[in-house]
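Per chain, numbering begins at 1; letters A, B, ... match sequence-line order.
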Amino acid sequence: MTGPIDVSLWEVAAALVLVAVAVGASVWQGAALESDIGVAVLRAFVQLTAVGYGIDLLFDQDSVALVLGLVAVMVLLGAFTARHRARAVPGAFWPILVALALAASATLGLMIALGVFEPKPRYLVPVAGIVIGNAMTAAAVALNRLGDEVTRSRREIEATLALGATAAQAARPLLRRSLRSGLIPLVDQTKTTGLITFPGIMVGMLLGGADPVDAVRLQLVILYTLLGAVSLSALIAMSLAYRNFFTPAHQLREVGGE
Amino acid sequence: MLFDLRDVTASRGGHVILRAVNLDLEEGATVVVGPSGSGKSTLLRLLNRLGDPDAGEVRFRGRPLADHDVLRLRREVALVPQLPALVEGTVADNVELGARLAGQSTDVDRALALAGLDPSFAPRLADGLSVGEQQRVMLARALALEPSVLLLDEPTSALDERTRAAVEATLVRLAAELEISLVVVTHDPAQARRLARRTITVDGGRVA
């Protein structure tokens, strides 16, 4: 390695020694994961190389419009992915799409407005990726839990509706529990950060030769931003999606809706 | 006429449960009797719009149900489900629930007394009650709405004989003391005879 951030292909190839350890473990234990490991290694190489060149191009262009387009694609892909995980929720795609779009634009917009980041691709692209990724997981976990809660609590929901409760009132205890599910992983991660895990941005900056204090401060900015983003995302996704379990006449739909 | 159903067909879980039912329910106490799975509970759910029919029309006091404000209808026509489904908290929290959702206050002690429970139950935790007590809290919770119609789905199915007799006595007293109409669903023909003069038999999704 000639400098802290100059990695040659030879050095990447050298890291394959550790892939050989994984393959060896698989063969030794008869886990039959060798071909999967091979595919994973190859895919990681191709995908990340493509992304690397893409990002390189994006940084060269220095166009905010291009970044916004990329963020829109990330939001769209995030919504498709999360919808699959929240299969028990009818019509989950639109709530997740709106949740991710609003969570991403609100948090990134606020960071720019507060002067934390300059509106440049170098900052916006990676931060948007982290924000949307975490917001997607939170929305998916919260909606997944919401689907389970509705299935499990049908009797309680209908008993509350029977007292003249609106759908929103009947769903409130479920939404509270689902929101907790969506947020707890990140809250726990934030609590233990630096003790059990070293978060990626900080590690990346340290490897890249940045001042540790700067690396820590940027990581804190990201963690605090993420807390806001995942809360917004889970809250918006649930607030929009729970309605799909009910009819306009405040009736609980039978098997998860249309 | 309290309720009239015209050519009502209703399904649950993709199965047709009620087929072209025509039925008049008068003010006062009526018991709907029939074996399990005959469509009694589905019928009750239609009366306060927890469910809607696939075809036909249900009228409440002469007006189609869809013309009533659904939330007001459910407070007017209160349903006590077959199994207790209390919310976390005290008995008082549960009894107040319906009124609180509507932004109103309620007399917890009165509702408890009407359901045959002592006021000392109010601060007790709902999940520490016996099934019989929970069933009565469900009844008190519905009565706290001061409904004009009470729909009861198998109100004594989970109770022992002594508690069942006490709940039946409470229902007979309610119908006599309050100007309240009862529609009670039961699988037990003997109970039907004890509770009301008017009995309607439902079997295989049809009114016999």
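- Of the two parts of B:L79, the backbone and the side chain both hold a non-hydrogen atom closer than 4.5 Å to a non-hydrogen atom of chain A.
- Remark: the B:D93 side chain and the B:T90 side chain contain an N/O donor-acceptor pair separated by less than 3.5 Å.
- Heavy-atom distances place both the backbone and the side chain of A:T166 under 4.5 Å from chain B.
- Neither the backbone nor the side chain of B:L73 comes within contact range of chain A; no heavy atom of the residue lies under 4.5 Å from a heavy atom of that chain.
- Taking the six-membered ring for Trp and thresholds of 30 and 60 degrees, B:F60 and B:H68 have ring planes inclined between 30 and 60 degrees apart.
- Taking the charged nitrogens against the carboxylate oxygens, A:D188 and A:K191 do have a contact shorter than 4.0 Å, which makes a salt bridge.
- A salt bridge links B:D24 with B:R6; the closest basic N to acidic carboxylate O contact falls under 4.0 Å.
- If you tally non-hydrogen atom pairs under 4.5 Å between each of B:L83, B:L151, B:N48 and chain A, the highest count goes to B:L83.
- Your options are A:I157, A:L163, A:L252, and the one with the most heavy-atom pairs under 4.5 Å with chain B is A:L163.
- We find that B:E76 and B:R72 are not joined by a salt bridge, their nearest charged nitrogen and carboxylate oxygen being 4.0 Å or further apart.
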